[in-house]
K.L.:
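Structure incoming, see below.
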Amino acid sequence: MIPAQGAAVIVHRHAGDGREVLILRRTPSGPPSENEPPDVGDWTWTPPSGSCLPGEPVGLCAQRELLEETGLVLPLRLAPAGSPQWWVFTAQAKCDARVILSDAHDHFEWVKLEEALRRCRPIEVAEHIRQSFAA
């Protein structure tokens with residue numbers, strides 16, 4: 001069995017007109033390509049996520065990544081999504097939860113499910129979000 005390589009946390013909250021998902025925009029690491037503006041492309045918008053440190057249990061990885069990337073400490077639930085190498089958790093935030101971004105991200109948004117599915121790439125990431133909401 002291959003050990004988990006990392007985890008994602010699908011953070012949601014109940015807003016006045018339904019549930020919203022927290023998505024983060026990665027800070028650009030270089031100049032945009034000729035064919036893509038700086039705010040589009042694979043991996044630009046994602047839920048909080050990251051790789052496990054050597055020997056780190058995947059649940060602790062998810063908690064650490066959530067805290068590092070958003071400043072949030074929330075109870076996590078394993079979601080029916082992901083793979084043996086990439087686990088997916090869900091967490092519910094309060095409407096007034098304060099998000100504090102790390103240097104790895106330069107913007108966050110609370111968006112409806114459809115918008116999160118449209119923006120988050122690669123398609124496997126969007127599918128993890130969809131499966132988590134379906135549960």
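Just so it is clear, the values below take in all heavy atoms, side chains as well, and ignore hydrogens, waters and symmetry mates.
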K.L.:
Would you please test E69 and H105 for side chain to side chain contact (heavy atoms under 4.5 Å, CB included) and show each step?
P.N.:
CA-CA 7 Å; E69 294 187 357; H105 300 91; 3.4 Å; yes
K.L.:
Under the 3.5 angstrom rule, does the side chain of E127 hit a backbone N or O of E124 as a donor-acceptor pair?
P.N.:
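Flag not set: sc E127 to bb E124 has no pair under 3.5 Å.
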K.L.:
Measure across V11 and A93 and return the closest heavy-atom pair with its distance rounded to 0.1 Å.
P.N.:
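Scanning both residues completely, I find the closest heavy atoms to be CG1-CB, 3.9 Å.
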K.L.:
Before giving the answer on side chain to side chain contact (heavy atoms under 4.5 Å, CB included), spell out for V21 and F133 the whole-Å C-alpha distance, their side-chain angles and the decisive distance to 0.1 Å.
P.N.:
CA-CA 10 Å; V21 180; F133 258 68; 3.1 Å; yes
K.L.:
Heavy-atom distance under 4.5 Å between the side chains of V88 and I10, does that happen here?
P.N.:
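Sidechains of I10 and V88: in contact.
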K.L.:
If you define the side chain from C-beta out and look only at heavy atoms, does anything of F89 sit under 4.5 Å from Q63?
P.N.:
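No, their side chains stay 4.5 Å or more apart.
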K.L.:
Considering non-hydrogen atoms only, spot the tightest contact between C61 and G6 and give its length.
P.N.:
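Smallest interatomic distance, heavy atoms only, reads SG-CA, 4.3 Å.
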K.L.:
Assess whether side chain to side chain contact (heavy atoms under 4.5 Å, CB included) is satisfied between R121 and W45, documenting all intermediate values.
P.N.:
CA-CA 7 Å; R121 293 287 176 261; W45 288 96; over 6 Å; no
K.L.:
Considering only heavy atoms from C-beta outward, does the side chain of L66 approach that of V73 to under 4.5 Å?
P.N.:
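When only atoms from C-beta onward are counted, V73 and L66 do not touch, as no gap falls below 4.5 Å.
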K.L.:
Give me the atom names and distance for the closest heavy-atom approach of R26 to S49.
P.N.:
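What the structure gives for the nearest pair is NH2-OG, 3.9 Å.
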K.L.:
Output yes when D17 and K112 qualify as a salt bridge under the 4.0 Å nitrogen-oxygen rule, no when they do not.
P.N.:
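Yes, this pair counts.
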K.L.:
Would you say the side-chain atoms of T27 pair up with the backbone N or O of D103, donor to acceptor, closer than 3.5 Å?
P.N.:
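Yes, because the side chain of T27 sits within donor-acceptor range (under 3.5 Å) of the backbone of D103.
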K.L.:
Has R25 got its NZ or CZ under 6.0 Å from the middle of the six-membered ring of F108, at an angle within 45 degrees of the ring axis?
P.N.:
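Negative - R25 is either too far from the ring of F108 or too far off its axis.
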K.L.:
Are side-chain heavy atoms of E65 and V9 found at a separation under 4.5 Å?
P.N.:
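In short, these two side chains do not touch, never coming nearer than 4.5 Å.
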K.L.:
Let me check something: do L76 and W86 share a hydrophobic cluster, defined by ILVMFWY side-chain heavy atoms less than 4.5 Å apart, either directly or through other members?
P.N.:
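No, because L76 and W86 fall into different hydrophobic clusters, even though each may have its own neighbours under 4.5 Å.
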K.L.:
Is L74 reachable from W110 through a run of I, L, V, M, F, W or Y residues, each pair having side-chain heavy atoms under 4.5 Å apart?
P.N.:
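Hydrophobic grouping puts W110 with L74.
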K.L.:
Provide the closest heavy-atom pair for T90 versus A79 in the form atom of the first, atom of the second, distance.
P.N.:
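Smallest interatomic distance, heavy atoms only, reads CG2-CB, 3.9 Å.
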K.L.:
Hydrophobic clusters here meaning ILVMFWY residues chained together by side-chain heavy-atom distances under 4.5 Å, can you tell me if L67 and I23 are in one?
P.N.:
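In one cluster with L67: I23, no.
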K.L.:
Step through the shown structure and confirm whether more than 12 heavy atoms of other residues, nucleotides or ligands are within 6.0 Å of CZ on R77.
P.N.:
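Result for CZ/R77: open.
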K.L.:
On a heavy-atom basis, which atom in C120 and which in I129 lie closest, and how many Å separate them?
P.N.:
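Scanning both residues, the minimum pair turns out to be SG-CD1, 3.8 Å.
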K.L.:
Between the side chains of R118 and E115, is the shortest nitrogen-to-carboxylate-oxygen separation below 4.0 Å, so that they form an ion pair?
P.N.:
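Looking at E115 and R118, the cut-off is met.
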K.L.:
Between R13 and L22, does a side chain to side chain contact (heavy atoms under 4.5 Å, CB included) hold up when you go through it step by step?
P.N.:
CA-CA 8 Å; R13 70 179 184 183; L22 176 65; over 6 Å; no
K.L.:
For T70 and L24, work out which heavy atoms get closest and say how close.
P.N.:
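Heavy-atom minimum between the residues: CG2-CD1, 4.0 Å.
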K.L.:
Test your reading of the model: is there a side-chain donor-acceptor pair from E20 to the backbone of H12, 3.5 Å cut-off?
P.N.:
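Answer holds: no.
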